[in-house]
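Okay, so here's the structure we're looking at.
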Amino acid sequence: MTTLILILGDQLTPDISSLRDADPAATVILMAEVAAETDYVWHHRKKLAFVFSAMRHHAAALRDAGWSVDYVALDDPANSGSLGGEVARAIARHQADRLIATEAGEWRLRDEMANWEAALGVPAEIGADDRFLCSEAEFAAWAEGRKALRMEYFYRDMRRKTGLLMEGDQPASGQWNFDADNRKPASRDLMMPRPRRTPPDAITRDVLAMVAARFPDRFGSLDDFWFAVTRAEAQTQFDDFVAHALPRFGDYQDAMLVGEPWLYHSIIALYLNIGLLDPLSVCQAVERAWREGHVPLNAAEGYIRQIIGWREYVRGIYWREGPDYVNRNALEATRPLPEFYWTADTDMACVRAAVAQTRDHAYAHHIQRLMVTGNFALLAGVDPHALHLWYLAVYADAYEWVEAPNTIGMSQFADGGLLASKPYAASGAYIDRMSNYCSGCRYDVKAKSGPNACPFNRLYWPFLIRHTDRLARNPRMAPMYRTLNNWGAEKRAALVADGNACLAELGL
Ligand code: FAD
Ligand code: SF4
């Protein structure tokens, strides 16, 4: 009597639900690198190397802990190329009479796994993924009957539930949210902490060679790989962030600087999303740092909000809204994804920096994703599904449950305002205020129209004009539409014509 337990590539947590009650003596764990998972989008090569190396290290750790692990590498000649195929082969190989797994983190694989019991001829028990603070059922109950879903109220409930930064039933220092303090632009003379790096070991070097050989034409550099691939290394990198960068995380959360991809960010989403770090422990460490007087409250609160607020909230939306969420297109945007999202070959210094950094590091921070690449796509009317596939491919932390609500909902307003109360559309003035990109750009951020004017400026008003019917009644958009209404039809037509010229000049 052998039980086969499948561990997926983002389930690298020792007490994952599938392992919890298992008997190591009667169990074989299956882990498999399969082409179906490398190919459903064109993942960045550093992301592939990170996931495979972390999987191989996790398999070794499970073996050290006494489990029997059957590991199928991507270049194993017998590899069938799909998870279902590998599960079927392993059931035959080990004469397993039962399959156990933890549910997958996206609809595509969940739907596929739902058919396995019938297809494989053995009972398949698929348990919940309980590595989150809020279960799908809890989120659905929270959302039920609310007129509008807003992250802030969800976040307050998560604070109450976890007790993080609470004094009794009140928020620490009497205030829930310090976002208003977190908008400082960074300046060049700040001491910039560098993330702690983990040099590749022999396993990682093998994986890097395999990914280089197998995916020579894929997007993304494999050079300078320093991601942690074990729990201990991820914890060390996170501790280093708490000691050196967290104190200024809040102040400079929205800032962008040429040549500074990391600023005061933690670079741990990739570890959280794959199971190498635990979200609650991370937040407890941040709270401790505040209580010990090491970091200010605006930094600790801002950081914890991202994890117990945004991260849990977007996951709740993803599962609540169903598999069709990724196809929503409330603003009916249809333009193909610009080629420069893959090449960084554009004169727009901000977009060039964000894409080049994405190519080199499989990383861009939140404001680069939201207010540079996301904002440009929104203003230009890029098809949100094409953009979703891009974000899902290019970041080391990208998994559909977290990427899709951020892209479709927050960034593109393609869910019609379910997730965000207004579109994150901005002219070049915002980027100029929060970064030093504009001083090195061939476009003039102060100019409003014509071939030398910043494209964000030229596309901003045409975007609002195009979506008047949908957005003009939104109270948060009212000031912009008041300005627009003060302009005559002739001026509005000229703005639209200039926006169209801008798109043509950009080759779109
Ligand atoms: P920090 O800035 O240090 O923040 C700390 C942690 O907070 C992050 O590690 C992350 O776990 C969490 N967090 C912060 N903002 C969000 C958010 N909006 N949603 C969920 N979690 C958040 N995040 C992903 O983990 N995977 C994605 O695929 C992803 N795609 C995105 C796509 C778009 C268009 C946008 C606008 C945002 C996306 N985000 C995604 C959210 C956010 O940009 C990243 O979590 C963050 O940049 C990761 O870098 P970091 O670890 O240095 O985060
Ligand atoms: Fe970006 Fe416009 Fe500034 Fe150039 S001028 S960096 S395009 S915001």
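When a residue number appears, it is its place in the shown sequence, counting from 1.
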Just so I know, are the side chains of [X] and [Y] near enough to count as touching, which here means a heavy-atom distance under 4.5 Å?
X: Q253; Y: K184; result: no
X: F215; Y: D39; result: yes
X: W67; Y: L19; result: yes
X: L74; Y: T38; result: yes

Q: Step by step, work out the side chain to side chain donor-acceptor pair (under 3.5 Å) result for Q412 and T407.
A: CA-CA 6 Å; Q412 299 302 296; T407 305; over 6 Å; no
Give a yes-or-no answer on whether the side chains of [X] and [Y] include a donor-acceptor pair shorter than 3.5 Å.
X: E400; Y: Y318; answer: yes
X: Q368; Y: T373; answer: no
X: Y325; Y: D415; answer: yes
X: Q235; Y: Y271; answer: no
X: S80; Y: E86; answer: yes
X: R311; Y: N273; answer: yes
X: N298; Y: D251; answer: yes
X: H57; Y: D201; answer: yes
X: T358; Y: Y363; answer: no

Proximity of [X] and [Y] rings by center, below 6.0 Å:
X: F456; Y: Y430; result: no
X: W262; Y: H361; result: yes
X: F154; Y: W142; result: yes
X: W319; Y: W107; result: yes
X: Y153; Y: Y155; result: no

To check you understand the geometry: which heavy-atom pair defines the closest contact between [X] and [Y], and what is its length?
X: P384; Y: A333; answer: CD-O, 3.6 Å
X: H58; Y: L12; answer: CE1-C, 3.5 Å
X: M113; Y: T102; answer: CE-O, 3.9 Å
X: R45; Y: G220; answer: NE-O, 3.0 Å
X: A425; Y: L379; answer: CB-CD2, 3.9 Å
X: Y252; Y: H265; answer: O-NE2, 4.4 Å

Q) Tell me the side chain to side chain donor-acceptor pair (under 3.5 Å) pairs involving residues 330-344, sequence neighbours left out? A)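 Residue pairs passing side chain to side chain donor-acceptor pair (under 3.5 Å), neighbours aside: none found.
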Q | Name of the residue among L4, I5, L30 meeting side-chain contact (heavy atoms from CB on, under 4.5 Å) with L99 | A |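 Among L4, I5, L30, the one that satisfies the side-chain contact (heavy atoms from CB on, under 4.5 Å) with L99 is L4.
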Q: Would you check, one step at a time, whether the test side chain to side chain donor-acceptor pair (under 3.5 Å) holds for R352 with T346?
A: CA-CA 6 Å; R352 189 170 65 235; T346 167; over 6 Å; no
Q. Does NZ or CZ of R305 fall inside the cone over W176's six-membered ring, less than 6.0 Å from its centre and within 45° of the axis?
A.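 Here R305 fails the 6.0 Å and 45° test against W176.
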Q) Can a cation-pi geometry be assigned to R108 and Y40, taking NZ or CZ under 6.0 Å from the six-membered ring centre and within 45° of the ring axis? A)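 Yes, cation above the ring, under 6.0 Å and within 45°.
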Q: Begin from the C-alpha positions of E321 and R328 and carry the test salt bridge (charged side-chain N to carboxylate O under 4.0 Å, His left out) through to its verdict.
A: CA-CA 11 Å; E321 291 304 306; R328 296 206 188 155; 3.0 Å; yes
Q: Kindly say whether A73 contributes a backbone atom to a donor-acceptor pair with the side chain of N79 at under 3.5 angstrom?
A: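 Present.
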(Q) Determine whether a donor-acceptor pair (N or O, by modelled atom type, separation under 3.5 Å) exists between the side chain of R110 and the backbone of E103. (A)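 Judged by distance alone, no pair lies under 3.5 Å.
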Q) If you draw a 6.0 Å radius around NE2 in H294, do more than 12 non-hydrogen atoms from other residues or ligands fall strictly inside? A)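 Count over threshold, so yes.
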Q. With R131, which residues qualify under salt bridge (Lys or Arg N to Asp or Glu O under 4.0 Å), at least two apart?
A.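 Listed in chain order: D129.
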Q) Is it true that R194 and D240 make a salt bridge, defined as a side-chain N closer than 4.0 Å to a carboxylate O? A)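 No salt bridge links R194 with D240.
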Q | R56 bridged to E33 by N-O distance under 4.0 Å | A |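 Looking at R56 and E33, the cut-off is met.
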Q: Would you please classify the geometry between the F238 ring and the Y303 ring as parallel, tilted or perpendicular, with 30° and 60° separating the classes?
A: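 Correct class here is tilted.
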